[in-house]
Amino acid sequence: MSGVGSKSDLLNILGDVKARVQDKLGVVDFPMPQFILIGKQSVGKSRLIEALAGEPFNFISGTLGSRRPTVLEFRNVAAARSSRWFVRNTKSQQWEEHPTEKVMALVGQCHEELGENVSSEAIYVRIESAGCVDMQIVDLPGFRDFAMDASKQHLAKQIEELDMSFMRDKRNVILCVEQAADAATMSSLQKCRQLDPRFERTILIRNKLDKYYNDLTPDNVSKWIDGFGDLPENLMRFAFTLPYWKEGTACPRPFRDLTDEMNAEDIRQMTMRGLSPKYMQTVGFKNFAAFMEKKIERMFVDSIGPVLNSLKELRQKAEKHARTLSTEFSDTDPHRILSTTRDCGVSFAMALTHVMEGVLELGNIQTLEDELRDFHNYHQQRGSSNLSMLPSEDFATLNDYIDYLRNDIQLATFDVELNGGAQFRRLMVEVEIFLRFSEIAVETKKRDVIQARGVSMSTLTWRDVVVKLLSNEAHLPLQRRVQYVGERIKWFFVKQKEAVLEFMDRLEGTPFSNLYSPLYPKHAKLIKQNDMIKQLLFSTYDKACQRQLQQFVELFENMLTSTFSNPWVFLKGSNPGCQSDDMSDAVLPSFDDTKDRIPKEINGRSGTEAILSKWLSDIPTDSSQIDEAVDKVQMLVLKTYGFIRSQVCDQVELFSESFFKLPMMRRLEQDMAQIELTDDDTLNYQARRDRLTEDIKGAQESLVEIDGCISRIQSFKLKCEARGSALGH
C-alpha cells in the first residue's frame with residue numbers, strides 16, 4: 001500500500017471507523033491500534049505534539065493542567081497553504097472546523113468543567129496541514145510528582161489511575177517522554193515496565209538532549225545513548241531537542257525552521273562526539289518522525305484484516321439482536337401477549353424437568369456449605385421463628401453443623417458445586433441427617449404416666465398410656481424439623497430459576513438442541529429481554545413453591561399425627577416375600593403359590609411390633625409396682641419414639657418426592673398455563689412495546705453504521721489493490 005498515496009486516506013478511514021464503532025455503537029473492545037503519550041508535567045510532551053503538528057499552539061487547561069485524554073489526529077495535506085483545525089462534536093459525531101484560538105478555548109473548557117476530577121471521556125481534535133506527521137496520538141494528563149494538599153494529591157492519584165488504564169490496553173503503543181537524564185531516574189519509564197515488562201510496545205523519547213551536550217565525550221556518548229546498561233536492548237528509544245524560547249513570548253522564527261535547526265544541531269553534536277553509527281538513527285526529531293510514519297503505516301495496514309473481521313462479527317451480532325427484538329415485538333402484540341406469556345411459562349416448567357434430570361455445565365452451582373449459608377442468611381434476614389435452624393442445641397453455630405457434615409459424616413459431595421437433580425439428591429441426605437437429631441424434648445415424669453393411666457389402674461392398658469404420652473409432646477420436635485425440611489426444599493426450587501433459564505437460553509446452536517423443544521431458546525430470549533414476562537413467570541413459580549411448601553408441611557404433619565396416634569400400625573414390619581438369595585429359582589407363581597404366600601407375609605410382619613408388644617407385656621399391672629411400671633413406660637416411650645423417628649427418616653426422600661417434588665413439577669405447567677394479566681401488566685406491556693419500537697430503530701441504525709464502515713474499508717482496500725496493480729504494470 002505504501003507508495004500509492006493512500007496513507008492519509010487509510011488513517012482517515014480507520015480513524016472514522018473507530019470513532020463510529022466506539023462512540024456511536026458503544027463498542028469498546030475494537031482491534032484498532034493507537035499511540036498514547038505519557039510523561040510527567042514539564043518534560044516536553046506539549047512541545048512534542050507541536051512538533052508533530054508542525055506549528056506551535058497552547059491548549060488552555062487552567063492551573064490544574066489537563067484532566068482528560070485528548071485524541072489528536074494529524075493529517076498531512078501537502079497542498080495546504082495553512083493549517084485547518086477541527087473538533088469533533090460529541091453529539092453528532094461530526095468534525096466541526098474552528099479557528100485555532102477557538103479550538104484552544106474549547107479544549108480548555110472541556111478540562112476546566114471537570115474541576116478537581118478526571119474523566120476518561122476524550123476530546124477529539126484534528127489538524128490538517130502541510131507540516132503534519134500523518135498519525136493519531138492520545139495525549140494523556142501528565143503524572144504529578146508533587147501535590148501540596150489533599151485535594152491535589154487525590155487529583156494526582158486519579159490522573160495516574162486514568163493513565164495506567166490506557167497503558168494496560170495491549171493495543172496501545174506507549175510513547176514515554178522523559179528528560180534526557182540518566183535512565184535510572186526515569187519514573188515514567190518504570191511505570192511502563194510494570195505493564196509492559198519486555199517493552200514490546202513502549203517507545204522511549206529522551207527530550208532536551210542539548211542540556212547534556214557538554215557531559216558527553218567520545219568515551220561515554222554511545223554508552224549514554226545506550227543508558228549505561230539500564231535500558232534493555234529491545235527498547236526502542238530516541239533522543240532529540242525540540243524548539244524552545246522564553247516563556248511568555250512568541251515563537252521567534254517559523255516553528256518548522258526551529259525544529260529543523262534543533263534536529264541538525266543534535267546530529268552535528270552527536271557526530272562530533274563520535275557517536276556510533278548504529279545509534280545515529282535514534283538521534284534527532286526527523287529520525288523519530290520518519291520512524292513513526294513507517295510504524296504507523298505498518299500498524300494500520302496490519303489492522304485492516306482484524307478490523308474487517310471484527311466489523312463482520314459485529315454485524316452478525318447486530319443482525320441477531322435486531323431479529324430478536326423484532327420477534328419480541330411480534331410476540332408482544334396486544335392480541336397475543338397473554339398466550340405468549342403462557343407459552344413461555346409452559347416452556348419454563350418443562351425445562352425444569354430437564355434440569356432436575358441433570359444438565360452439565362450449568363451455572364448457579366453451589367457447594368453444600370454455600371447452600372446452607374445462603375439459606376440461613378435468608379431466614380435470619382426474614383426473622384423466621386417457625387422452624388429449627390440447627391438440628392440440635394449442642395451445635396452452637398452453623399459452622400459447627402457444617403464441620404459435622406464435612407468431617408464427621410464426610411458427605412462425598414459436600415464440596416462439589418452442583419445444581420438440579422444432583423443438588424436435590426444431596427439435599428435429601430442433609431435433611432435426613434437433620435431429622436435424625438430429633439429427640440423428645442421433655443422428660444416423661446412419674447406424674448405424667450399416672451395421669452395418663454387415669455383414676456384406676458385397670459381403666460386403660462399400658463399400650464394406650466404409651467400412645468397418649470407420645471401424642472402429647474413427643475411429635476413436636478419432629479414437626480419443627482419437618483418445617484425445616486420443607487423450607488430447604490422450597491429454597492432449593494426457588495434457586496433453580498436462573499439455572500432453568502440458562503439451560504433454555506444456551507441450547508441454540510449446540511449439538512444437544514435437537515433433543516429438546518426448539519421453543520426453549522426463543523422463549524428464553526423473550527423472558528430475559530422482557531422484564532414483565534420474567535416477573536410474571538418467576539412470581540407464578542415462587543407461588544407454586546410456597547403452595548407446595550404448605551401442602552408438604554400439612555401432609556407430613558397429618559402423617560405424623562396419625563403415626564403417633566397409632567404407632568403400632570405404622571411400625572408393622574415389612575416382609576420382602578423372598579427368603580432365598582438365589583435368583584435362579586425365581587419363577588412366575590401359580591395361584592396356589594400365591595395363596596400360600598399371603599399368610600406367610602402377614603405373619604412375617606411381626607418385627608418391631610412384636611418387640612414392642614413383648615415390652616408392653618413386661619410392664620407390671622399391680623398398683624404396688626407403680627414405680628417399676630413408670631420406669632418401663634418411660635423406657636418404652638423413648639424406644640417407640642426412636643423406632644418412629646428411624647422409620648420417618650428412612651422414608652424422608654419418599655415423602656419429599658410424594659408431597660413436594662412430584663406435585664410441584666406436575667402442577668407447574670398448569671399454573672403457567674393459567675397466568676392472567678392485570679390491567680397494570682397490560683399497561684406495562686404496552687410501555688415495553690413502545691421501548692421496543694425505539695430499540696428496533698436503534699438496531700437498524702447500528703446495522704447501517706456497520707455496513708457503512710465495512711463498505712468504506714472494503715472499497716479502500718480494492719482501490720489500493722487496483723492502484724498497486726496499475727503501478728506494477
| field | Stepwise side chain to side chain contact (heavy atoms under 4.5 Å, CB included) check, Met389 with Phe375 | value | CA-CA 9 Å; Met389 295 302 296; Phe375 176 75; 3.7 Å; yes
Any sub-3.5 Å donor-acceptor pair from [X]'s side-chain atoms to [Y]'s backbone N or O?
| X | Y | answer |
| --- | --- | --- |
| Ser339 | Arg336 | yes |
| Arg488 | Val431 | no |
| Ser347 | Cys344 | no |
| Lys497 | Val494 | yes |
| Asp400 | Ala396 | yes |
| Arg481 | Leu435 | no |
| Asn364 | Gln496 | no |

| query | Does the side chain to side chain contact (heavy atoms under 4.5 Å, CB included) test come out yes or no for Lys543 and Asp671, once each step is laid out? | reply | CA-CA 9 Å; Lys543 288 177 182 177; Asp671 294 333; over 6 Å; no
Would you please say whether a donor-acceptor pair under 3.5 Å links the side chains of [X] and [Y]?
| X | Y | value |
| --- | --- | --- |
| Tyr484 | Arg480 | no |
| Lys490 | Gln548 | no |
| Glu430 | Tyr401 | yes |

| Which of these passes ring-ring contact (aromatic ring centres under 6.0 Å, His included) with Phe660: Phe493, Trp491, Phe424? | Phe493
For residues [X] and [Y], report the shortest heavy-atom separation together with the two atoms involved.
| X | Y | value |
| --- | --- | --- |
| Met672 | Arg342 | O-CG, 3.6 Å |
| Ser384 | Leu387 | CB-CD2, 3.8 Å |
| Ala544 | Leu668 | CB-CD1, 3.9 Å |
| Pro521 | Leu507 | CG-CB, 4.1 Å |
| Arg426 | Thr413 | NH1-O, 2.9 Å |

| request: Answer yes or no: are there more than 12 heavy-atom neighbours, outside Asp679 itself, under 6.0 Å from its atom CG? | output: no
| said: Counting neighbours of NZ on Lys528 that are heavy atoms of other residues, nucleotides or ligands and sit closer than 6.0 Å, is the number greater than 12? | reply: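 Check fails, neighbour count at 12 or below.
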Distance in Å, [X] [atom1] paired with [Y] [atom2], rounded so as to fall on 0.5 Å steps:
| X | Y | atom1 | atom2 | value |
| --- | --- | --- | --- | --- |
| Ile675 | Thr341 | CD1 | OG1 | 6.5 Å |
| Glu161 | Ser120 | CD | OG | 12.0 Å |
| Phe538 | Asp542 | CZ | CG | 8.5 Å |
| Leu501 | Lys525 | CG | NZ | 10.5 Å |
| Asn399 | Asp403 | CG | CG | 6.5 Å |
| Glu557 | Thr563 | CD | OG1 | 12.5 Å |

Please list, chain by chain and in numerical order, all residues satisfying side-chain contact (heavy atoms from CB on, under 4.5 Å) with [X], sequence neighbours excluded.
| X | answer |
| --- | --- |
| Asn377 | Gln380 |
| Glu369 | Thr367, Arg373, Ile402, Arg406, Phe414 |
| Asn514 | none |
| Glu502 | Leu362 |

Would you mind reporting whether [Y] and [X] have side-chain heavy atoms less than 4.5 Å apart?
| X | Y | value |
| --- | --- | --- |
| Glu653 | Glu432 | no |
| Thr340 | Asn530 | no |
| Arg436 | Asp650 | yes |
| Phe492 | Gln423 | yes |
| Arg688 | Asp531 | no |
| His376 | Leu390 | yes |
| Ile527 | Asp505 | no |
| Met664 | Tyr541 | yes |

| Under the criterion side chain to side chain contact (heavy atoms under 4.5 Å, CB included), which of Leu654, Val652, Ile489 is the partner of Met428? |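 Answer after filtering Leu654, Val652, Ile489: Ile489.
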| task | Go through the steps to decide whether Ser539 and Leu536 satisfy the test side chain to side chain contact (heavy atoms under 4.5 Å, CB included), and finish with yes or no. | result | CA-CA 5 Å; Ser539 175; Leu536 280 170; 5.8 Å; no
| How about Phe552 and Phe556: are their ring centroids closer than 6.0 Å? |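 Yes: the rings meet the under 6.0 Å criterion.
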| request: Determine, using ring centers only, whether Phe437 and Tyr404 are less than 6.0 Å apart. | output: yes
| CA sep, side-chain torsions, deciding dist, call: Phe348, Val500, side chain to side chain contact (heavy atoms under 4.5 Å, CB included) | CA-CA 7 Å; Phe348 188 87; Val500 172; 3.6 Å; yes
| said: Any carboxylate oxygen within less than 4.0 angstrom of a Lys/Arg side-chain nitrogen, looking at Lys522 and Glu508? | reply: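 Salt bridge flag = no for Glu508 with Lys522.
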Solution key, residues 350-359 side-chain donor-acceptor pairs under 3.5 Å, sequence neighbours excluded:
| residue | atom | partner | partner atom | Å |
| --- | --- | --- | --- | --- |
| His354 | NE2 | Tyr520 | OH | 3.2 |

| field | Steps toward salt bridge (Lys or Arg N to Asp or Glu O under 4.0 Å) verdict (Lys495, Glu371) | value | CA-CA 10 Å; Lys495 300 297 285 185; Glu371 186 180 343; over 6 Å; no
What pairs of donor and acceptor atoms, side-chain ones from residues 690-700 against any protein atom, are under 3.5 angstrom apart with sequence neighbours left out?
| residue | atom | partner | partner atom | Å |
| --- | --- | --- | --- | --- |
| Asp690 | OD1 | Gln686 | NE2 | 3.2 |
| Thr693 | OG1 | Arg689 | O | 3.1 |

